[in-house]
Each structure stands twice: as C-alpha cells, then as structure tokens.
Amino acid sequence: MNWSWDIFFESFPIIIEGLGITIALTIACYLFALLFGFVWTLLRQIPIKPVRWILLWIMEFIRSTPPLVQLFFIYYAWPMVPVVGMTLDPFTSAVLGLGIHYSTYIGEVYRTGINSVDKGQWEASRALNFSTRRKWTKIILPQAIPPTIPMLGNYLIIMFKEVPLASTIGVVGILAMANNYGADHWRYLEPLTIVAILFLVLSYPSAILVNKLERKFNRRFDKKGAVSND
C-alpha cells in the first residue's frame, strides 16, 4: 500500500477532533490519581500494622493487574456486582480505571517525598506544638512536594500514552477516530501515522521539560547536601 498525502490531509482534521477528548481524559485521570494517591499516602500513616498490610496488599494487587483488565472490569463487570454494582459511561469508567491504577504509583511518590523530609523537621514541629494541619501545611508538605514534581511529571506523560486504552471501552479519542477512519476507508497507514506524530509532538516537549525540572531539583538538593555536609 502506497503512502497517500490526500488521505493524510483528509483524515487529519477528523483525527484532531478526538484530540480534545484524549487530553480531557488525561487531565481527568491525572487529577483523580493525584487526589487518590494522597488518600493512599494518608491511609498508610495509620499506626495499625494489620491495616497497613491490607492497604499494601490492595495497592500491590492493583499495580500487578494490567490497567486494561481494570478498565474492562469497571465497565463490563462492575454493573453485574450485587448491591454495589452500577453502570458507568465509558469516560467515567476510564477515569476510575486509569486513575485508581496510577494513584497507587503516585501514592508511592508522595511517600518518597514525605520520607525525604529531615527527621529534625518532624521533631521541631512537635517541639513547637504545631497542630496536625499546621505541621503538614507549613513544614512537611512545602519540603516534601518539590522533590516529587519531576516524578509526577513523568507519570503525567505515561498516563497520556496509556489513555488510548480507553478506546477499547468506547471513549472516542484520537486512536478511536483513526481506527474508525481506517475501517471506513480501508486505510490505516496515514491515520495511525498521524496519531503517532501527535503523541510525539505532545509528549516529547513534556519529557524535555520534566528532565530539566529533574536536573534543576537534583542540583538544588546536591547543593543542600553539600552545605549540610560542610
């Protein structure tokens, strides 16, 4: 099959129509994962070992299961679950499936950031008799969040590239638009090439930005480490 620029330019505006849905779904999944990841982090602070073990097992189960299986379960199987089961539209199912899956990874990122805060800062907040809210908002989080920004950026890029999985349950993003065009015209080469180019154009600058942020924060913490060692 030869390359056709006519097909390329004809299918381009059609596929672009799905780009907005792909970006909207990525943002929705990411925000859900950020919020739910924080919930995982807070729950793991509970000082009861059996509760922490159960949470760890649940997180490991979610991480070890392919996100595609979780999407299928939420969209197809959950409505059949007695009492709690309910039917969800494809977009909501995708937000829940991908959001919950990546929240387990983001929860670990938060935990790493919190653990990076020097023990002296925790002791100082206790010595000053800060309330829990003030301790977290004034001392812990301002120091824990900056080191996590590059890792959170990486997960945003990964999630953007995983969002096309949602086309398997009916979310019409750029991949679904390209696939539909290919099925209607028996031409998959040009529309799928456009999808690959769009992902490259959007992902590559983001990856460069994340790398710059990572180097910036690494230099900052290297300086801090050098100062503290001095």
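Each residue takes its place number in the sequence, starting with 1.
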> Taking only residues two or more places apart in sequence or in another chain, which ones pass side chain to side chain contact (heavy atoms under 4.5 Å, CB included) with Asp118?
Replying inline: Gln121

> Taking only residues two or more places apart in sequence or in another chain, which ones pass side chain to side chain contact (heavy atoms under 4.5 Å, CB included) with Thr168?
Replying inline: Leu68, Phe72

> Is the number of heavy atoms from other residues, nucleotides or ligands within 6.0 Å of CZ (Arg52) greater than 12?
Replying inline: yes

> Which atoms form the tightest heavy-atom contact between Leu71 and Ala94, and what is the distance?
Replying inline: CD2-CA, 3.6 Å

> Are Val81 and Leu88 co-members of a hydrophobic cluster defined by side-chain heavy atoms under 4.5 Å apart?
Replying inline: yes

> What residues form a salt bridge (charged side-chain N to carboxylate O under 4.0 Å, His left out) with Glu162, not counting sequence neighbours?
Replying inline: none

> Closest approach of Tyr188 and Asn179, non-hydrogen atoms and distance?
Replying inline: CE2-OD1, 3.4 Å

> Would you say the side chain of Tyr102 lies within less than 4.5 Å of the side chain of Ile158, judging by non-hydrogen atoms?
Replying inline: yes

> How long is the gap from CE on Met151 to CG on Leu156, to the nearest 0.5 Å?
Replying inline: 14.5 Å

> For Glu60, what residues pass the salt bridge (charged side-chain N to carboxylate O under 4.0 Å, His left out) criterion, not counting sequence neighbours?
Replying inline: Arg63

> What's the spacing between Ile15 CD1 and Glu10 CD if we round to 0.5 Å?
Replying inline: 10.5 Å

>> Using the side chain to side chain contact (heavy atoms under 4.5 Å, CB included) criterion, which residues pair with Thr87? Sequence neighbours excluded.
In response: Pro79

> Which pairs with one or both residues in residues 5-24 pass ring-ring contact (aromatic ring centres under 6.0 Å, His included), sequence neighbours excluded?
Replying inline: Trp3-Trp5, Trp3-Phe8, Trp5-Phe8, Trp5-Phe9

> Who pairs with Phe73 by ring-ring contact (aromatic ring centres under 6.0 Å, His included), at least two apart in sequence or on another chain?
Replying inline: none

> Which pair of non-hydrogen atoms, one from Gly97 and one from Gln70, has the smallest distance, and what is that distance?
Replying inline: O-OE1, 3.8 Å

> Of all heavy-atom pairs between Pro90 and Gly170, which one has the smallest distance, and what is that distance?
Replying inline: CB-C, 4.1 Å

> Do Phe160 and Ile208 share a hydrophobic cluster, counting only Ile, Leu, Val, Met, Phe, Trp and Tyr and linking them when any side-chain heavy atoms are less than 4.5 Å apart?
Replying inline: no

> Do Trp57 and Ile62 share a hydrophobic cluster (ILVMFWY, side-chain heavy atoms under 4.5 Å, transitive)?
Replying inline: yes

> Linking I/L/V/M/F/W/Y whenever any side-chain heavy atoms sit under 4.5 Å apart, do Met59 and Val51 land together?
Replying inline: yes

Only distances under 3.5 Å count here; give the side-chain donor-acceptor pairs of residues 22-43 to other protein atoms, sequence neighbours excluded, each with its distance to 0.1 Å.
| unit_1 | atom_1 | unit_2 | atom_2 | d |
| --- | --- | --- | --- | --- |
| Thr22 | OG1 | Gly18 | O | 3.2 |
| Thr22 | OG1 | Ile174 | N | 3.1 |
| Thr26 | OG1 | Thr22 | O | 2.8 |
| Tyr30 | OH | Leu152 | O | 2.8 |
| Trp40 | NE1 | Ser103 | OG | 2.9 |
| Thr41 | OG1 | Gly37 | O | 2.9 |
| Thr41 | OG1 | Gly107 | O | 3.2 |

> What pair of heavy atoms forms the shortest contact from Leu175 to Ser167, and how long is it?
Replying inline: CD2-OG, 3.9 Å

>> Hydrophobic clusters here meaning ILVMFWY residues chained together by side-chain heavy-atom distances under 4.5 Å, can you tell me if Leu55 and Ile100 are in one?
In response: yes

>> I need the full list of salt bridge (Lys or Arg N to Asp or Glu O under 4.0 Å) pairs touching residues 21-48, with sequence neighbours left out, sorted by first then second residue.
In response: Arg44-Glu108

>> Applying side chain to side chain contact (heavy atoms under 4.5 Å, CB included), can you list everything that pairs with Glu17, at least two apart in sequence or on another chain?
In response: Met177

> Nearest heavy-atom pair of Met80 and Tyr76: which atoms, and what distance?
Replying inline: CE-O, 3.6 Å

Between side-chain atoms of residues 193-204 and protein atoms elsewhere (two or more places apart, or another chain), which donor-acceptor pairs fall under 3.5 Å?
| unit_1 | atom_1 | unit_2 | atom_2 | d |
| --- | --- | --- | --- | --- |
| Thr193 | OG1 | Leu189 | O | 2.5 |
| Ser203 | OG | Phe199 | O | 2.8 |

> Does any pair with a residue in residues 163-182 pass ring-ring contact (aromatic ring centres under 6.0 Å, His included), and if so which ones, sequence neighbours excluded?
Replying inline: Tyr181-His185

